[in-house]
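To keep things clear, I will list the structure first and then write my remarks on it.
Proteins get letters first, then strands, A, B, ... in listed order; numbering begins at 1 in each. Computed from a prediction, not measured in an experiment: that's the story for all the values here.
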Amino acid sequence: MAVQAQILKGTRDFLPERMILRQYVTGKLRDVFENFGFEPLDTPAIEYAEVLEGKYGDEADKLIYKFEDRGGRRIGLRYDLTVPLARVIGTHPDLARPFKRYQIAPVWRAEKPQKGRYREFWQCDVDTVGSASSLADAEVVCVAYDALRRLGFRHFKTKINSRKMLAAIAEYIGLSPDQAPAVYRAIDKLDKIGIDGVKEELAECGLNSPLISRLLDLLQVRGDADVVLAQLRTKLADSAMGAQGVDELDEVVRYLRWLGVSESNFEVDFSMVRGLDYYTGPIFETVVEEPKIGSICGGGRYDGLVGLFTNRPTPATGISLGLERIVDVLEELHLGGVPEMKTVTYALVTVFSQDTVGESLRAASELRAADIHTEVFLGKDKLGNQLRYASRKGIPFTIILGPDEIATGKAIVKNIATEEQVTIERAELVDWVLSKHEVLK
RNA sequence: GUGAAUGUAGCUCAAUGGCAGAGCACUGGACUGUGGAUCCAGCUGUUGUGGGUUCGAGUCCCAUCAUUCACCCCA
């Protein structure tokens, strides 16, 4: 009886075809991240549980995978890439500031999986530690914008809000710290349950109707960034913190324009909240309109988090792209520019018989020397099966070297997709394949 | 953590409480050096698991496990 070939709920195998797409996506992201001067970083998958605990909020804390090792140490699997970054700054306080890094790595959350949600998934984070400038906030938003554009995304919107504006409201209403999260959550549901739904939820939070009216009034401010900010400035005029939040967003928006981020891809949205506790300033979240898969990108400023590990206040801001959601959307939309390679192999050299295998191997070596990914057929199958293998795997070119070709100094190259087959001089094999190779490179 | 739906061949799915089937895939052949098309033949099962009702259960009931979807929360 074989062992059950089962994988854990919410986890997945990435078969080659999908893995090729994932690598394409992460490759593009890496290019964009480095283009803005962010440096690569990696951290352990496991951390001391205390490092992770108490950073995300009560709800999120419950979703941290934890276990005890043989020495009785309490271990946690990383829940995101932001807290480990804060820990890195504490571990290596001498890093030059601002410290700009990116990290593309898996994180784990003990949630119940559903569409677009997994227990093991990859995040692609870009963060700047040690800069309080709004330019740092705008820059990470711009990085995400560039990355999505370069992947072929067009219809997406980055919502921008400020925890300071939200806090101003909480303060004005007189919410206690344990009431605030519930109110935030109700606000955040606007898209999902509509204005009346939010009204009900707020009532359940214990707010009286004048307060609810004021909140709903704020939530319904819509329009261009400038218009929204101007209105919020008026409506939040009685709060110093609120005014500061508006000023900051004003700066972020100005920088975004200078950076060339299209007006159609961002908006100020007072109803966007984000769940994690550690955010302190501007917050961002990017949603794709067409397939409703939730947000593909989120982040914000967290000026208090790094200080927990360093004893000195350290401002920081960053953004995180969700790899699986991006890949899911790419697959669903079939966006142009995404290569449709099913295999990394470009050429298959067939083997006619034991007598000719040497010729096949020599040809394969020549192709590889020219950086053309080349397989030699492993087996003694008849030619039909060898072509069948190439066809099933989607290998673009098959090289046929039988006794006839070898005797006359020729080679047959067959394009499996187009059925075209040409006989060429054996000596020109590499150049011929190389000339076709350009297309896919 | 809460709720709902679904578990039958490698995959997708059929079968009124009455002999477990089809398509795809796979293997061989038609085709001794040409795949993907067509035709022929073949292979494929503890109906998720454990109980119960019944003359008889894939089908009804209970439990359990798994998967999916939704809620909470989130990438």
Side-chain angles (χ1 to χ4, degrees), chain A residues 1-2 4-12 29 56-64 78-82 104-125 144 148 181-182 184-186 188-189 192-193 197 201 272-277 284-288 292-300 318-329 348 350-353 356 377 381-407 410 412-423:
Chain A
M1 174 71 178
Q4 281 292 320
Q6 204 179 16
I7 59 171
L8 274 108
K9 192 193 300 220
T11 67
R12 295 172 303 164
L29 295 182
Y56 303 105
D58 291 343
E59 290 296 326
D61 258 16
K62 291 179 202 153
L63 304 178
I64 302 173
R78 67 175 167 228
Y79 178 89
D80 69 357
L81 302 178
T82 308
I104 299 174
V107 300
W108 293 268
R109 295 184 187 178
E111 299 182 273
K112 215 163 209 180
Q114 54 183 280
K115 190 173 177 64
R117 293 177 81 174
Y118 307 95
R119 285 186 168 172
E120 177 182 73
F121 62 98
W122 285 60
Q123 291 194 324
C124 312
D125 278 37
L148 292 173
Y184 289 169
R185 253 179 274 136
D188 196 39
K189 285 185 192 168
K192 202 178 244 176
I193 62 179
E201 292 240 351
M272 189 275 291
V273 173
R274 301 208 44 79
L276 300 179
D277 273 6
F284 334 108
E285 186 165 295
T286 304
V287 293
V288 192
K292 279 213 181 281
I293 200 153
S295 56
I296 57 171
C297 174
I319 206 160
S320 174
L321 292 126
L323 179 58
E324 1 289 297
R325 288 188 179 178
I326 289 173
V327 170
D328 285 351
V329 173
L348 172 76
T350 61
V351 176
F352 185 80
S353 72
T356 65
F377 192 81
D381 298 27
K382 60 184 187 182
L383 189 58
N385 277 342
Q386 302 195 29
L387 285 162
R388 198 174 131 68
Y389 172 76
S391 176
R392 284 201 60 187
K393 268 193 75 170
I395 299 171
F397 288 101
T398 303
I399 319 295
I400 300 170
L401 280 173
D404 298 347
E405 288 73 36
I406 292 168
K410 307 280 187 183
I412 294 173
V413 183
K414 178 156 187 164
N415 180 326
I416 227 80
T418 63
E419 287 184 70
E420 283 165 352
Q421 173 172 323
V422 293
T423 303

- Message: So does A:Val273 get a backbone contact from the side chain of A:Asp188, meaning a donor-acceptor N/O pair under 3.5 Å?
- Response: yes
Distance in angstrom units between [X] [atom1] and [N] [atom2], rounded:
X	N	atom1	atom2	answer
A:Asp328	B:rA75	CG	C1'	11 Å
A:Leu321	B:rA75	CG	P	12 Å
A:Asp80	B:rC74	CG	P	12 Å
A:Asp58	B:rC72	CG	P	18 Å
A:Leu8	B:rU68	CG	P	12 Å
A:Arg109	B:rG1	CZ	C1'	18 Å

Heavy atoms only: give me the nearest [X]-[Y] pair and the separation to one decimal.
X	Y	value
A:Pro403	A:Phe352	CD-CD2, 3.4 Å
A:Arg325	A:Ser295	NH1-O, 2.9 Å
A:Glu120	A:Trp108	OE2-NE1, 2.8 Å
A:Val351	A:Gln386	O-NE2, 2.8 Å
A:Cys124	A:Leu323	SG-CB, 4.0 Å
A:Asp328	A:Gly116	OD2-CA, 4.4 Å

Considering only the [atom1] atoms, how many Å lie between [N] and [M], rounded to the nearest integer?
N	M	atom1	result
B:rC61	B:rC26	P	39 Å
B:rG29	B:rC43	C1'	15 Å
B:rG45	B:rC40	C1'	25 Å
B:rG17	B:rG52	C1'	15 Å
B:rU47	B:rA9	C1'	10 Å
B:rA25	B:rC65	P	38 Å
B:rU32	B:rA15	C1'	45 Å
B:rG58	B:rU8	P	14 Å

- Query: For every nucleotide of nucleotides 33-38 of chain B, 5' to 3': is a protein heavy atom under 4.0 Å from its base (B), only from its sugar-phosphate (S), or from neither (-)?
  - Reply: BBBB--
- Task: Can you run through RNA chain B from 5' to 3' and write each base as (, ), [, ], | or . depending on how it pairs? Watson-Crick or G-U wobble, both distances under 3.5 Å.
- Result: (((((((..((((....[..)))).(((((.......))))).....(((((..]....))))))))))))....
- Message: Tell me which one of A:Arg119, A:Lys115, A:Arg12 satisfies salt bridge (charged side-chain N to carboxylate O under 4.0 Å, His left out) with A:Glu324.
- Response: A:Arg12
- Query: Stepwise, does the side chain to side chain contact (heavy atoms under 4.5 Å, CB included) test hold for A:Val107 with A:Phe121?
  - Reply: CA-CA 6 Å; A:Val107 300; A:Phe121 62 98; 3.5 Å; yes
To the nearest 0.5 Å, how far apart are [atom1] in [X] and [atom2] in [Y]?
X	Y	atom1	atom2	value
A:Ile296	A:Ser320	CD1	OG	11.0 Å
A:Arg109	A:Ile64	CZ	CD1	9.5 Å
A:Leu383	A:Thr350	CG	OG1	5.5 Å
A:Glu405	A:Thr356	CD	OG1	10.0 Å

- Query: Nearest nucleotide by nearest heavy atom, which residue falls closer to the 5' end of RNA chain B, A:Glu201 or A:Arg119?
  - Reply: A:Glu201
- Note on the structure: The residue, A:Lys9 or A:Glu59, whose nearest nucleotide of RNA chain B is more 5′ is A:Lys9
Output side-chain donor-acceptor pairs under 3.5 Å for residues 388-395 of chain A, partner residues at least two apart or in another chain, one line each.
unit_1: A:Tyr389; atom_1: OH; unit_2: A:Glu375; atom_2: OE1; d: 2.8
unit_1: A:Tyr389; atom_1: OH; unit_2: A:Lys393; atom_2: NZ; d: 3.4
unit_1: A:Lys393; atom_1: NZ; unit_2: A:Glu375; atom_2: OE2; d: 2.8

Which part of the nucleic acid does [X] contact within heavy-atom distance under 4.0 Å: base, sugar-phosphate only, or nothing?
X	result
A:Glu111	base
A:Arg274	sugar-phosphate
A:Ser320	nothing

- Note on the structure: By salt bridge (Lys or Arg N to Asp or Glu O under 4.0 Å), A:Lys410 pairs with (sequence neighbours left out) A:Glu425
Find every protein N or O atom lying less than 3.5 Å from an N or O atom of nucleotides 40-42 of chain B, and list the pairs.
none

What N/O pairs connect the protein and nucleotides 69-71 of chain B at under 3.5 Å? Give each pair on its own line.
unit_1: B:rC69; atom_1: OP2; unit_2: A:Lys115; atom_2: N; d: 3.3
unit_1: B:rA70; atom_1: OP2; unit_2: A:Gln114; atom_2: OE1; d: 3.2
unit_1: B:rA70; atom_1: OP2; unit_2: A:Lys115; atom_2: N; d: 3.4

